[in-house]
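One structure follows; several queries about it will come next.
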Amino acid sequence: GRNYKIEIKTKKGSGSYALTLGKSPFTTSMDNEGKTIYSTIKSQGATIGIIVSDIIRDLYDGAAMSTEVKLINTTTNSVEWLGFLEPCVYDQGWDEEREEMDLDCVDSLAAFKDIYYPNPSGVATFAEILYTILHKDVRIKNLYISDNVQIASASANESVIERFRISQQNFFDKKEDENQADNEVAWNCFDVLSEMMQFLGYTMFMQGENVYCVNYDAIKNGNAKYFKYDLSKGSLTNPTTVTLTSNKHIDAPKYSGNGTKVSLDDVYNFCSIKDDFYTYD
């Protein structure tokens with residue numbers, strides 16, 4: 001009962017072109033191979049299925065973060081997925097008059113793997129570093145970060161990311177050759193984010209146009225308070241305090257579709273209770 005629209009914005013070509021979507025128009029998957037719930041960053045990929053009768057050259061670009069992708073819920077007028085087509089010079093089958101093909105995408109967090117950290121000097125706060133990276137995709141609107149890590153001297157409306165500081169030279173490896181350029185030894189932005197999340201004990205992920213930094217232990221203990229930073233302000237300062245909750249009931253309509261599969265791992269259905277009439281100190 002909902003209508004969706006997929007928008008693909010290229011940096012070449014002009015005007016607009018309506019694509020015909022395939023039988024699986026948009027599917028997402030979370031990168032969780034070998035990871036746990038406490039992973040520092042949970043990024044998502046997506047696949048767009050389209051049917052074409054011509055070679056759509058404008059869709060292909062070898063540059064990172066070049067071709068933008070949005071999944072828009074037009075029923076609620078909200079963006080549900082944000083990312084980019086994966087860098088690809090050319091890859092399209094051509095056997096039939098009409099070809100069904102897949103476009104592989106990554107969300108904005110995964111796209112940071114192809115972006116090197118810039119070379120500012122000196123010490124910066126975590127907030128300044130986060131803004132430097134996240135603002136590389138200007139479509140990201142807000143950063144939500146759990147307040148479970150606190151500094152005693154900080155105000156109630158101040159996140160620790162505004163107090164913690166680190167030398168940005170930590171994000172550059174040692175040059176083996178004096179002629180090496182800075183970007184040859186620079187970390188990519190994804191690794192910088194991952195290192196910061198590991199220090200804070202947070203897990204970062206995207207939902208729609210927003211980035212969330214959550215702590216699962218805080219959630220289990222009922223802490224639903226978050227600091228909300230508006231990235232359009234030019235810096236991560238003066239956050240508002242919000243309470244976030246999310247409840248999802250798993251039932252059949254949520255999993256109806258082609259090729260649907262539901263599985264549950266490591267389930268225990270037998271419990272033994274032993275009663276002892278002796279007491280011990």
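Worth saying up front: this structure is predicted, and the values here are computed from it rather than measured.
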> Got a donor-acceptor contact below 3.5 angstrom from the Arg163 side chain to the Ile161 backbone?
Replying inline: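 Not confirmed, Arg163 side chain does not pair with Ile161 backbone.
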
> How far does CD1 of Ile72 sit from CD of Glu209, to the nearest 0.5 angstrom?
Replying inline: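 Between Ile72 CD1 and Glu209 CD, I get 8.5 Å after rounding to 0.5 Å.
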
> Does the side chain to side chain contact (heavy atoms under 4.5 Å, CB included) test come out yes or no for Ile51 and Glu99, once each step is laid out?
Replying inline: CA-CA 6 Å; Ile51 298 175; Glu99 286 283 344; over 6 Å; no

> Atom OG1 of Thr27 and atom CG of Asp102: how far apart are they, to the nearest 0.5 Å?
Replying inline: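 Answer rounded to 0.5 Å: 7.5 Å.
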
> Of the non-hydrogen atoms in Ser159 and Ile145, which two are nearest, and what is the gap between them?
Replying inline: OG-CG2, 3.9 Å

> Do the side chain of Thr203 and the main chain of Ser39 share a donor and acceptor less than 3.5 angstrom apart?
Replying inline: yes

> Within a strict 4.5 Å, meaning less than it, do heavy atoms of the Leu21 and Ile48 side chains meet?
Replying inline: yes

>> If you compare all heavy atoms of Thr132 against all heavy atoms of Pro118, which two are closest, and at what distance to 0.1 Å?
In response: CG2-CG, 3.7 Å

> Would you say Glu100 and Thr20 make side-chain contact, with heavy atoms under 4.5 Å?
Replying inline: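 Not touching, per the 4.5 Å side-chain cut-off.
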
>> Is it the case that over 12 heavy atoms from other parts of the model lie below 6.0 angstrom from the CZ atom of Arg98?
In response: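 Yes - once you tally the heavy atoms of other residues, nucleotides and ligands closer than 6.0 Å, there are more than 12.
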
> What do the steps show when you test Asn223 against Asp147 for side chain to side chain donor-acceptor pair (under 3.5 Å), and what is the final call?
Replying inline: CA-CA 8 Å; Asn223 182 5; Asp147 82 328; 3.0 Å; yes

> From Cys189 SG over to Ile115 CD1, what is the distance, rounded to the nearest 0.5 angstrom?
Replying inline: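 Cys189 atom SG to Ile115 atom CD1 measures 7.0 Å (nearest 0.5 Å).
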
> Would you say Arg139's side chain and Gly83's backbone share a donor-acceptor pair under 3.5 angstrom?
Replying inline: yes

>> Measuring only between side-chain heavy atoms, which start at C-beta, is Ser29 closer than 4.5 Å to Gln44?
In response: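 No, every pair of side-chain atoms sits at 4.5 Å or beyond.
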
>> Do Thr10 and Asp61 make a side-chain contact, defined as non-hydrogen atoms from C-beta onward lying under 4.5 Å apart?
In response: no

> For the atom pair CG (Asn142) and CG (Leu134), what is the distance rounded to the nearest 0.5 Å?
Replying inline: 11.0 Å

> Which distance, rounded to the nearest 0.5 Å, do you find between the CG of Leu236 and the CG of Leu231?
Replying inline: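 Between atom CG of Leu236 and atom CG of Leu231 there are 5.5 Å.
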
>> More than 12 heavy atoms of other residues, nucleotides or ligands under 6.0 Å from OH of Tyr4: yes or no?
In response: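 Above 12, so yes.
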
>> Go through it in stages, so that I can follow the logic: the residues are Trp187 and Tyr117, the test is ring-ring contact (aromatic ring centres under 6.0 Å, His included), and I'd like the CA-CA distance, side-chain angles, deciding distance and then a yes or no.
In response: CA-CA 6 Å; Trp187 292 17; Tyr117 189 76; 9.1 Å; no

>> Using 30° and 60° as the class boundaries, would you call the ring planes of Phe205 and Tyr212 parallel, tilted or perpendicular?
In response: parallel

> Are Phe171 and Asp191 close enough, and set up right, to give a side chain to side chain contact (heavy atoms under 4.5 Å, CB included), and what steps lead you there?
Replying inline: CA-CA 9 Å; Phe171 307 136; Asp191 287 342; over 6 Å; no

> Would you say the side chain of Tyr229 lies within less than 4.5 Å of the side chain of Thr240, judging by non-hydrogen atoms?
Replying inline: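 Counting from C-beta outward, Thr240 and Tyr229 never come under 4.5 Å.
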
> In the single-linkage hydrophobic clustering (I, L, V, M, F, W, Y; side-chain heavy atoms under 4.5 Å), do Leu109 and Val106 co-cluster?
Replying inline: no

>> Please check: side-chain N/O of Asn215 versus main-chain N/O of Gly201, any donor-acceptor pairing under 3.5 Å?
In response: yes

> Run the side chain to side chain contact (heavy atoms under 4.5 Å, CB included) check on Ile129 and Ile166 step by step: do they pass?
Replying inline: CA-CA 9 Å; Ile129 295 170; Ile166 188 173; 3.5 Å; yes

>> To check you understand the geometry: which heavy-atom pair defines the closest contact between Met65 and Lys136, and what is its length?
In response: CE-O, 3.9 Å

>> Can you give me the closest heavy-atom contact between Ala224 and Thr245, atom names plus distance?
In response: CB-CG2, 4.2 Å

> Ile50 and Tyr17: same hydrophobic cluster, using ILVMFWY side-chain contacts below 4.5 Å?
Replying inline: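 In one cluster with Ile50: Tyr17, yes.
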
> So Asp217 and Tyr38, side chain to side chain donor-acceptor pair (under 3.5 Å) or not? Walk me through it.
Replying inline: CA-CA 9 Å; Asp217 292 317; Tyr38 295 101; 3.1 Å; yes

>> One pair to check against side chain to side chain contact (heavy atoms under 4.5 Å, CB included): Asn188 and Asp114. What are the steps and the verdict?
In response: CA-CA 7 Å; Asn188 64 58; Asp114 296 318; over 6 Å; no

> Shortest non-hydrogen contact from Asp107 to Lys42?
Replying inline: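 It is OD2-O, 4.5 Å.
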
> Hey, are the side chains of Ser43 and Met30 touching, using non-hydrogen atoms and a 4.5 Å cut-off?
Replying inline: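 SC-SC contact between Ser43 and Met30 ruled out.
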
>> Are more than 12 heavy atoms, taken from residues, nucleotides or ligands other than Asn77, located less than 6.0 Å from that residue's CG atom?
In response: no

>> Testing the 3.5 Å rule here: is there a donor-acceptor pair between the side chains of Asn148 and Tyr202?
In response: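 Yes.
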
>> When you compare the side chain of Cys105 with that of Trp81, does any pair of heavy atoms fall below 4.5 Å?
In response: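 The answer is yes, as the side chains (C-beta and beyond) meet within the 4.5 Å cut-off.
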
> Which heavy atom of Pro87 sits nearest a heavy atom of Ala64, and at what distance?
Replying inline: CG-CA, 3.9 Å

> Less than 4.5 Å apart, any side-chain heavy atom of Lys174 and any of Val185?
Replying inline: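 Side-chain contact under 4.5 Å: no.
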
> Would you find more than 12 non-hydrogen atoms of other residues, nucleotides or ligands less than 6.0 Å from Lys9 atom NZ?
Replying inline: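 No.
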
> More than 12 foreign heavy atoms under 6.0 Å from CD of Gln169: is that the case here?
Replying inline: yes

>> Please evaluate residues Lys70 and Glu7 with respect to the criterion salt bridge (charged side-chain N to carboxylate O under 4.0 Å, His left out), reporting the C-alpha separation (whole Å), side-chain torsions for both, the decisive distance (0.1 Å), and the verdict.
In response: CA-CA 5 Å; Lys70 277 185 181 180; Glu7 285 188 355; 5.2 Å; no

>> Would a single hydrophobic cluster contain both Leu82 and Tyr131, if residues Ile, Leu, Val, Met, Phe, Trp and Tyr are joined by side-chain heavy-atom contacts under 4.5 Å?
In response: yes

> Sub-3.5 Å donor-acceptor pair from the side chain of Thr74 to the main-chain atoms of Asn3, do we have one?
Replying inline: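 Here the side-chain-to-backbone pair exists.
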
>> Check whether Phe190 forms a cation-pi arrangement with Lys113 (NZ or CZ under 6.0 Å from the six-membered ring centre, at most 45° off the ring normal).
In response: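 Yes, Lys113 sits over the ring of Phe190.
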
> Are Leu143 and Val192 connected, step by step, through hydrophobic side chains (Ile, Leu, Val, Met, Phe, Trp, Tyr) whose heavy atoms are closer than 4.5 Å?
Replying inline: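 Yes; tracing contacts between hydrophobic side chains, which count when under 4.5 Å, links both residues.
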
>> Using 0.5 Å steps for rounding, measure from the CG atom of Leu130 to the OG atom of Ser235.
In response: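 Interatomic distance, Leu130 CG to Ser235 OG, rounded to 0.5 Å: 12.5 Å.
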
> Under a 4.5 Å side-chain heavy-atom rule over Ile, Leu, Val, Met, Phe, Trp and Tyr, are Met196 and Tyr116 clustered together?
Replying inline: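 Result: no, two separate clusters.
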
>> Between Gln207 and Tyr144, is the side chain to side chain donor-acceptor pair (under 3.5 Å) condition met? List the steps.
In response: CA-CA 11 Å; Gln207 184 171 324; Tyr144 294 86; over 6 Å; no

>> Any side-chain to backbone donor/acceptor pair from Asn170 onto Ser167? Under 3.5 Å, distance only.
In response: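 Checked: pair present.
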
